[in-house]
Every structure is written in C-alpha cells, then in structure tokens.
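My structure is below; once you've seen it, I'll send some questions.
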Number of protein chains: 2
Amino acid sequence: MAEVAAKAGVSSQTVSRVANNHDNVDETTRAKVLAAMQELGYRPNAAARALVTGRFGAIGVVSFDVGAHGNARTLGAVADAAREAGFSINFMGIRAQTEAAVRQAFRHLMLQSVDGIVLVESQMLDTPSLHLPPTMPVVVADGDTGHAYPNVDFDQARGAQSVVAHLLDLGHRTVYHVSGPHDSFAARRRAEAWERTLVAAGAPVRPVLYGDWTAESGYLAGRTLAQVRDATAIFAANDQMALGVLRAMHEAGRSVPGDVSVAGFDDVPEAPFFEPPLTTVHQDFDVVGRHCVTLLLEQIERRSNGPRRLAVEPTLVVRASTAPPPAH
Amino acid sequence: MAEVAAKAGVSSQTVSRVANNHDNVDETTRAKVLAAMQELGYRPNAAARALVTGRFGAIGVVSFDVGAHGNARTLGAVADAAREAGFSINFMGIRAQTEAAVRQAFRHLMLQSVDGIVLVESQMLDTPSLHLPPTMPVVVADGDTGHAYPNVDFDQARGAQSVVAHLLDLGHRTVYHVSGPHDSFAARRRAEAWERTLVAAGAPVRPVLYGDWTAESGYLAGRTLAQVRDATAIFAANDQMALGVLRAMHEAGRSVPGDVSVAGFDDVPEAPFFEPPLTTVHQDFDVVGRHCVTLLLEQIERRSNGPRRLAVEPTLVVRASTAPPPAH
DNA sequence: ACACGTAATGTTTTCGTAAACACGATGTAG
DNA sequence: CTACATCGTGTTTACGAAAACATTACGTGT
C-alpha cells in the first residue's frame, strides 16, 4: 500500500479510500491511484483489514454430509447469496451429528473469525450448550424451530400433508410412512404431519418405518412393506428412500403404481426419471439459502430484526408413481 | 490478550506462547495462563494472527455446481482432510463455467486471503489468464492435466476402458456413448478412452451423443438411441445420464438388459437401486479430496514437491443393467 | 571460580490497513 | 469582507498477535 501511495504520489490513506470506494476522492487522483495499483499488482490484505475493522466479510456454514442432495443444494444457495452480498463462505462439514462435533466446528469457526453462522440440518442439538458467544449471529436452516435462533425452513408439515392428502384422495384406505432418522427435525415434522393428516381423514395410522435418508434404508423398509397386504400407498420422507422402496417393490413383483403407490419428498433432479417417475414434493433450496443470508445479514448489521422464522412453501409434483389403489 | 496476561501475572508474550502450544513454558505458568484464558473467555483473533504470521489457516475451494454429486463429494472430502490438517475451507461456488466467473472467484479468494486453492472440475480454462500470483499454491481436481498446476484426478481413461471392455466381452458388437459436455475435461477423457478401446478391439465407432450430465439430457439421448437398431450397449459418462437412458428405454418398450445394456460412471449411492441396478464405475472421492489437500499443503509449506499428478484408480462395478446382447 | 549453554520469561518491533483527527484550499452566506 | 461549512488530502494512531531480540537465573564442564 505504501508503494502504491508513493507511486501515485499520494498518502497511503488516499489509497485506502480508493480501495474502499469512498466518494470523497477526486476523480483524477482516483485514476492515478488505480493505475498505480494495477501496475504494482496491489491486493489489499484481508487480515489487516479485518484486524482494524473487526469485520471479516465471511459467514460460516456448518453442514452435515454434503453428499446429501438437500444439504449440498442449501450450501450452494447460501454460497451464491453470500457472494452476492460480498461475503465469502467458511465451510465446516461435520461427519457425525454429535454435540462434540458441532461444538468443535463452531469453535473452529470462531477462531477463523466469521461474522455469522448458518447451521444446516442440525439434529437434536442442545443449543444452549454450544457455547457460542451471544454476540455471534446464527441462522438455523432445516433444523429445530423451537430455540432462540432465527430459522429458515420449508414448511415440512404442509408438504407432507399435501402428499398424504393426495394419496388418500386417490382412494387409498391409509398411507404407510418411511421416515427419516429419529433425531432429524425435518423427518420428525414430516412424520407428524403424515399422522395428523391420516387422523384428520379418519384413516388408520400404521407403524412408522425408520430409514436414514439413504436409498438402501428405503429398500429395506420397502422389502418389509412389500409383504404387507394393505400397504397400497407409501410416503417416503425423501426421494432416495422412495427409490429404494421402488426397487424393493420391483423385486417383489409388485407393480408401481398398479399395486402400490409411492411418493417421495425433495424432488431431486433425477426423480422424473425414476421407474416410474416419482410423485414428490418440490423444494426450492435457492430461496432457503437466500433467506438464510438475508436473516444473517440483518443480525450482523444489527438492523431491525425481521421475521424470526421463515417457512418456504413446497409444492406437490404429481408424476406416475401414484394412482388409485387396485380394485380387489 | 493483555487482560489475560495481567490476570495471570505474566507478559503477553507468554500468553502468546501458551496459546500456540510452545513447549518452552513452565508447566505452572502455563496452567495459570490457561486458567486466566478460561476465566476471561479469551479467543485468539485470527485476523491479527494472520497479519503477523502471513498464514491464514484456510484453503479456498472453487467448485462448479455443488448440486452435482461428484463435486459435492469432492468438496466434502477436501473439507474433511483440510479440517484434519487444521485448515478451514473458504468455499466459492461458481454458477457459470466462464473464465470471468472463475477469475472473479479467484480474485475473491485472494482478497479473502487463503493459503492455497483447490479448483474442482474446471472446464477448458485458459489457465495462464487466471491472473493468479505465481506464489499462490493451486491444485486442480478433476480438471485439465495439461497445465502447470498439480493435478489430482481419477484415472478416467482406465475407468471408461474397463466399462467398454466389459460390454464388448459380453458379446456386443459395439458400444454407443453418451458423453458429458464438450468443454469438460473429464467427459472428453472418458470419450477418448471409449473410442480407443473400441478401435483397439476392432469394433465400429458410432457417433457420440452429447449430454450435460443431467438425467434429462441422458433421457433425450436415450430416446434417440432407442430407435437405433444396433444400439445394444450404451455407455453413459455418468450415472444421472445413464438413469435418463434407462427411462427412455423403458418408455420405448426396450428391456434392460434384455434388449439393451446400459452402463454409467460414478457409482452414486443410488445406482444399486435403479431399475435395473446399474453397472457403473466406482470412484472414491474421499481419496481424491485427501490427495488434493496433501499436495496443496506440500506447496504451502514449500516442502519437496511430491508427484505432480495423482491418478486415483476407479473400479468397475457390475450390476444388473448389462448382459449379453439379444440373440437375433 | 570462570566461561558458557540453556530454560523461562520479558521488551520492543512489526505486520497492513482504516479510523480519528488535522489541515489547507475553495466556496458561500450574512 | 469576514465567518464558517465543505472538499480533498495528509498525519497519527490503534487493531491483536507473534517474531526478534534481550534478560535473568541456573546449571555444567574445565
């Protein structure tokens, strides 16, 4: 910076002003400085800048398993929104959904110095024990809605309700449910909405089968359900598990949707190409990512706090995997 | 830090030594400092530390479309390996695979100050024009192997060769190919290996169909191929496109693998649950991620340069989507 | 007993930048 | 024509930590 200042014949403070796009610099001076910067290949030092401003221009994202489609999409969307706002993303993946892992991730982010944190798909975290300084802005995506932090999520209940209602409307007596893991808030809310909808419609509630979001777990659940006589409609809590169910039905010689209707949740890009194309619930991850960043920036800039919770509406997409039950 | 020093009755320098785990500190002193730190909730300031050390403890990852399974997995693996090495990840997603976008991402990372950069799935980049300072360590994953930067990648040629050989061995006269986009290095190498293998076996080389990695593009290619009489074996450059091909075959009433054999590439976790379960090439992304970080750290620490290129061996996984051609 | 190495700690300086403050030149209102 | 705001710019200082260097208190070999 000193070199640039010397070359341009100005003080380093003027260089700083140009670098930060302040408007109280004469145009000719600005041009000279810019030229000098260009010539010397000057790059501002983020560390020094952060040291003096106390802002880092970075937001941390803590996410579990980016191999999962939804998490990856959320991450991508948050990153896009952050970049547009001039922030970079400090990503921490956590392998195990344990308190220790999350706490370590948070500690690491604190050290790395971020201006705020987005927590994606947190499961059953005892939030108070995370030891985050109260000044650290946090937004939770796809997690517990019960605690103090602002929350952005899909309206899981609405989505699940629309699927179940769709299946009941087709004439199925009841709908079986393959749920996500016990400790997932999203899974729990989908399961609750499933049950509520059945009860409201006067349909019998069958026991829930639990998976872990993978196609394999869906397949195992599907093998069980293929043996169940009145399982003519199955709602899997995500598309991967639905795919596993489809596979199990094929192997058992049960036709979808002739004998059994199957629906998923997420609408992964591949869902229209499953055999048969999958009826599912579409979620717009970009909107969620954008909302997360918006809420976080509000906190960072200590602006008036907007809505503490944002629910994004999912939409039911009916494809070929659901149909009326077989006439027996 | 000064407060901690005062509280512990030592100099700030000693606090610094304790914070950095230097060994030339008396145990009793260390304990006092640690207690003071704990009590005051002291957190070292990363910006100040980076300013004086010149190291940031962060590596940048530039990746295209984390919605794609392979990219997301690579990111996750790099993040894991980086965390283990004490580095955090500064993630930059780029929407468009244009030079401008990549250059902007790099510039942003330079400003954010990272110690090195991992570039994932770069396509056709004119690397010299990226304007990276020559001192910035870079590793390219899944990209061009021709330029100056160290490269980590799967042995795409070997993988593609094994698939094509497998299909020819089954008795197919030739193998059709649904390729990834023109500007993808990975796609190009798979296509080249496909052609080489056919030529070496004396099999006729049919025109390539191009997709864009999506299931939809595979579906469109599949619709075309379903009309082609001698298309009894199809090698899609990834599993999503293979899924699209499967779908197209089902719709056209062609049985897989009875009439047509289909193989993919990647071995996504869902591949075993496709209809039928997909023969494909398995890739271990964790190994790639780990290698990327290793190579990058070697550069960062200016240790002796290890191998400039690392190729990870993929393995063929034969499932139910490939079989001998129909006897006609 | 002396020179000298070593362990533990303190003192000073440095990193690159932006904020706070100061200053002169110009414009403008009374 | 003076008082006082405004604009463009320069000067000084602070940010928080670690590196470089200095110092003290002990050995230990000769």
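Protein chains get the first letters and strands the later ones, always in sequence-line order, with residue 1 at the start of each.
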Phosphate OP1/OP2 of D:dA18 contacted by B:Asn20 side-chain N/O (<4.0 Å)
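Looking at the OP1 and OP2 atoms of D:dA18, one of them is under 4.0 Å from a side-chain N or O of B:Asn20.
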Counting only distance, no hydrogens or angles, is the base of C:dG10 paired donor-acceptor with the side chain of B:Arg17 under 3.5 Å?
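Counting by modelled atom types and ignoring angles, a donor-acceptor contact under 3.5 Å is found here.
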Between B:Ser16 and D:dA19, is there a side-chain N or O to OP1/OP2 distance below 4.0 Å?
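For B:Ser16, the contact criterion (side-chain N or O under 4.0 Å from OP1 or OP2 of D:dA19) is not met.
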Rounded distance (Å) that lies between atom P of D:dC15 and atom CZ of A:Arg55:
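From A:Arg55 CZ to D:dC15 P: 19 Å.
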Does CD in B:Gln38 sit with more than 12 non-hydrogen atoms of other residues, nucleotides or ligands closer than 6.0 Å?
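Atom CD in B:Gln38 is not packed in, count stays at 12 or less.
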Less than 4.0 angstrom between a side-chain N/O of A:Thr29 and OP1 or OP2 of D:dT9, yes or no?
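Yes, A:Thr29 has a side-chain N/O under 4.0 Å of OP1/OP2 on D:dT9.
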Roughly how many Å is it from CD in B:Glu27 to P in C:dA7, rounded to a whole number?
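Spelled out: CD on B:Glu27 to P on C:dA7 is 14 Å.
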Under 3.5 Å, is there an N or O donor on one side and an acceptor on the other linking the side chain of B:Gln13 and the base of D:dA17?
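No such pair is found, so the answer is no.
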Counting any heavy atom closer than 4.0 Å, what does B:Val25 reach on the DNA or RNA strands: base, sugar-phosphate only, or nothing?
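Counting heavy atoms under 4.0 Å across all strands, the contact made by B:Val25 is with sugar-phosphate only.
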Atom CG of B:Leu51 to atom P of C:dT17: distance rounded to whole Å?
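Taking CG of B:Leu51 and P of C:dT17, I get 9 Å after rounding.
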For atom CD of A:Glu313, is the number of surrounding heavy atoms from other residues, nucleotides or ligands below 6.0 Å larger than 12?
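Check passes, neighbour count above 12.
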Taking OP1 and OP2 of C:dT9, is either one under 4.0 Å from a side-chain nitrogen or oxygen of B:Asn24?
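Checking B:Asn24 against C:dT9: no side-chain N or O falls below 4.0 Å of OP1 or OP2.
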I'd like to know if A:Arg30 reaches the base of D:dG8 with its side chain, counting only an N/O donor and acceptor under 3.5 Å.
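Per atom types, no contact qualifies.
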If you compare every side-chain N and O of A:Thr14 against the phosphate oxygens of D:dG10 (OP1, OP2), does one of them come in below 4.0 Å?
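For D:dG10, OP1/OP2 do have a side-chain N/O of A:Thr14 under 4.0 Å.
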Ring centroid separation A:Phe87 to A:Phe56 under 6.0 Å:
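No, they do not, as the ring centres are separated by 6.0 Å or more.
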When you measure from the side chain of B:Pro44, which nucleotide among C:dT17, C:dG10, D:dA17 comes out closest?
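Nearest to the side-chain atoms of B:Pro44, counting from C-beta on, is D:dA17.
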Please pick, from C:dG16, D:dA18, C:dT17, the nucleotide with the shortest atom-to-atom distance to any side-chain atom of A:Tyr42.
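Nearest nucleotide to the side chain: C:dT17.
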